[in-house]
Amino acid sequence: MQVIKGTFKNLLVYGILFFTIFFINSKIFLISYVPSESMEPTIKKHQFVVATRIYDQKINRYDIVIFKSEGKFLIKRIIGLPGETLTIEDGHIYIQGKKIKENFLLEPMTTQDGEISIPLNEYFLMGDNRNHSYDSRKIGTISKEDIIAIAKIY
C-alpha cells in the first residue's frame, strides 16, 4: 500500500511538472534549436535560443524573431518594417533610400540587387550570415501573424 501511495505521489508531481513546463513553453516562452549557420555570428549552429511569445509586443527593426514559413519554424532578424521600401544595392541594404547599419554581419553580402515595397502588416527578414541564409529574399515578406516569438540572446 505504501509503495502504491509513493508511486502515485511521484506520478502526480511529475505530471504537474510536465504540464507546467508544457504550458510555459506553449504560452509564454519558446525554446528553439537552431540547426543551421544562417544567423552566425549572433547565434551559432546547434545553439538553443529562448524566445518570448508575441501577443501585444511591438516588433522593431533588428529584433530576432521566430516565425513559421512553409510549415517550418525559422529564426531571422527583422530588417524591413511594414510600409517601408527596402533596396539591396551592391551588397548593402537601404531603407527609404538610407543605408542601414549592420554591425552583426558575418561577411559582406553577395546577392542580387533589387527593391521591394513591404506590404502593411508584413516584415522583411534576413539571416545575419546573409550568404548562407534562406530568408525574405527567397520566401518573401512575413506577416505579423506568422511571427511567433522574439528571441533573447544571452
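In this chain, numbering begins with 1 at the start of the sequence shown.
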Could you tell me whether a side-chain N or O of Arg137 sits under 3.5 Å from a main-chain N or O of Leu125, the two making a donor and an acceptor? no

Would you check if Gln47 and Met39 make a side-chain contact, meaning some heavy-atom pair closer than 4.5 Å? no

What's the spacing between Ile150 CD1 and Asn60 CG if we round to 0.5 Å? 7.0 Å

Report yes or no: do Phe104 and Ile64 belong to one cluster of Ile/Leu/Val/Met/Phe/Trp/Tyr joined by side chain heavy-atom distances under 4.5 Å? no

Check ring pair (Phe, Tyr, Trp, His ring centres under 6.0 Å) between Tyr14 and all other residues, then give those that pass, not counting sequence neighbours. none

Members besides Leu12 in its Ile/Leu/Val/Met/Phe/Trp/Tyr cluster (side-chain heavy atoms under 4.5 Å): Ile16

What is the distance from atom NZ of Lys98 to atom NZ of Lys101, rounded to the nearest 0.5 Å? 8.0 Å

Check against side chain to side chain contact (heavy atoms under 4.5 Å, CB included), Lys144 and Asp146: CA-CA 5 Å; Lys144 185 173 184 176; Asp146 289 330; over 6 Å; no

Keeping Gln96 on the side-chain end and Thr85 on the backbone end, is there a donor-acceptor pair under 3.5 Å? yes

For Glu122 versus Ser143, what's the shortest heavy-atom pair and its separation? OE2-CB, 3.8 Å

Heavy-atom closest contact (Val34 atom, Ile43 atom, distance): CG2-CG2, 3.7 Å

Cluster check Ile75, Ile148: I/L/V/M/F/W/Y, side chain < 4.5 angstrom: yes

Between Ser69 and Phe67 the two heavy atoms that sit nearest each other are CB-CE1, 3.8 Å

Would you please say whether a donor-acceptor pair under 3.5 Å links the side chains of Thr42 and Arg77? yes

Search all heavy atoms of Tyr123 against all heavy atoms of Pro82 and return the closest pair with its distance. CE2-CD, 3.4 Å

Set out, in order, the CA-CA distance, both residues' side-chain angles and the distance that settles salt bridge (charged side-chain N to carboxylate O under 4.0 Å, His left out) for Glu102 and Arg130, then state yes or no. CA-CA 11 Å; Glu102 299 182 290; Arg130 300 279 161 81; 2.7 Å; yes

Any link between Met109 and Ile139 through a network of hydrophobic side chains (Ile, Leu, Val, Met, Phe, Trp, Tyr) touching at under 4.5 Å? no

How about Ser136 and Ile142: do any of their side-chain heavy atoms sit closer than 4.5 Å? yes

Check whether any side-chain heavy atom of Lys76 lies under 4.5 Å from a side-chain heavy atom of Val65, and answer yes or no. no

Between the side chains of Glu37 and Lys44, is the shortest nitrogen-to-carboxylate-oxygen separation below 4.0 Å, so that they form an ion pair? no

Test item: Leu86 and Ile79 side chains (from C-beta on) under 4.5 Å apart, heavy atoms: yes

Closest heavy-atom pair and its distance - Gly127, Asp135: N-OD2, 3.3 Å

Could you tell me whether a side-chain N or O of Glu40 sits under 3.5 Å from a main-chain N or O of Lys45, the two making a donor and an acceptor? yes

Suppose we screen for side chain to side chain donor-acceptor pair (under 3.5 Å). Which residues come up paired with Gln112, at least two apart in sequence or across chains? none

Do Met126 and Leu81 belong to the same hydrophobic cluster, where Ile, Leu, Val, Met, Phe, Trp and Tyr are linked whenever their side-chain heavy atoms lie under 4.5 Å apart, directly or via other members? no

Whether the side chain of Asp128 engages the backbone of Ser38 through a donor-acceptor N/O pair (distance < 3.5 Å, no angle test) should be reported. no

Does one hydrophobic cluster hold both Tyr62 and Ile93, with members joined at side-chain heavy-atom distances below 4.5 Å? yes

Classify the ring geometry of Phe48 against Tyr33: parallel below 30°, tilted from 30° to 60°, perpendicular beyond 60°. tilted

Does some side-chain heavy atom of Asp113 sit less than 4.5 Å from a side-chain heavy atom of Asp90? yes

Tell me if a side-chain donor or acceptor on Asn131 pairs with a main-chain N or O of Thr110 at a distance below 3.5 Å. yes

With Glu107 via salt bridge (charged side-chain N to carboxylate O under 4.0 Å, His left out) - residues at least two apart: none

Mind checking what makes salt bridge (charged side-chain N to carboxylate O under 4.0 Å, His left out) contact with Asp63, not counting sequence neighbours? none

Check residues 114-121 and write down every donor-acceptor pair under 3.5 Å in which the side-chain atom is one partner and the other belongs to a residue at least two apart or another chain.
residue	atom	partner	partner atom	Å
Glu115	OE1	Thr87	OG1	3.2
Asn121	ND2	Glu145	OE1	3.3
Asn121	ND2	Glu145	OE2	3.0

Flag for Tyr134-Glu70: side-chain donor and acceptor within less than 3.5 Å: yes

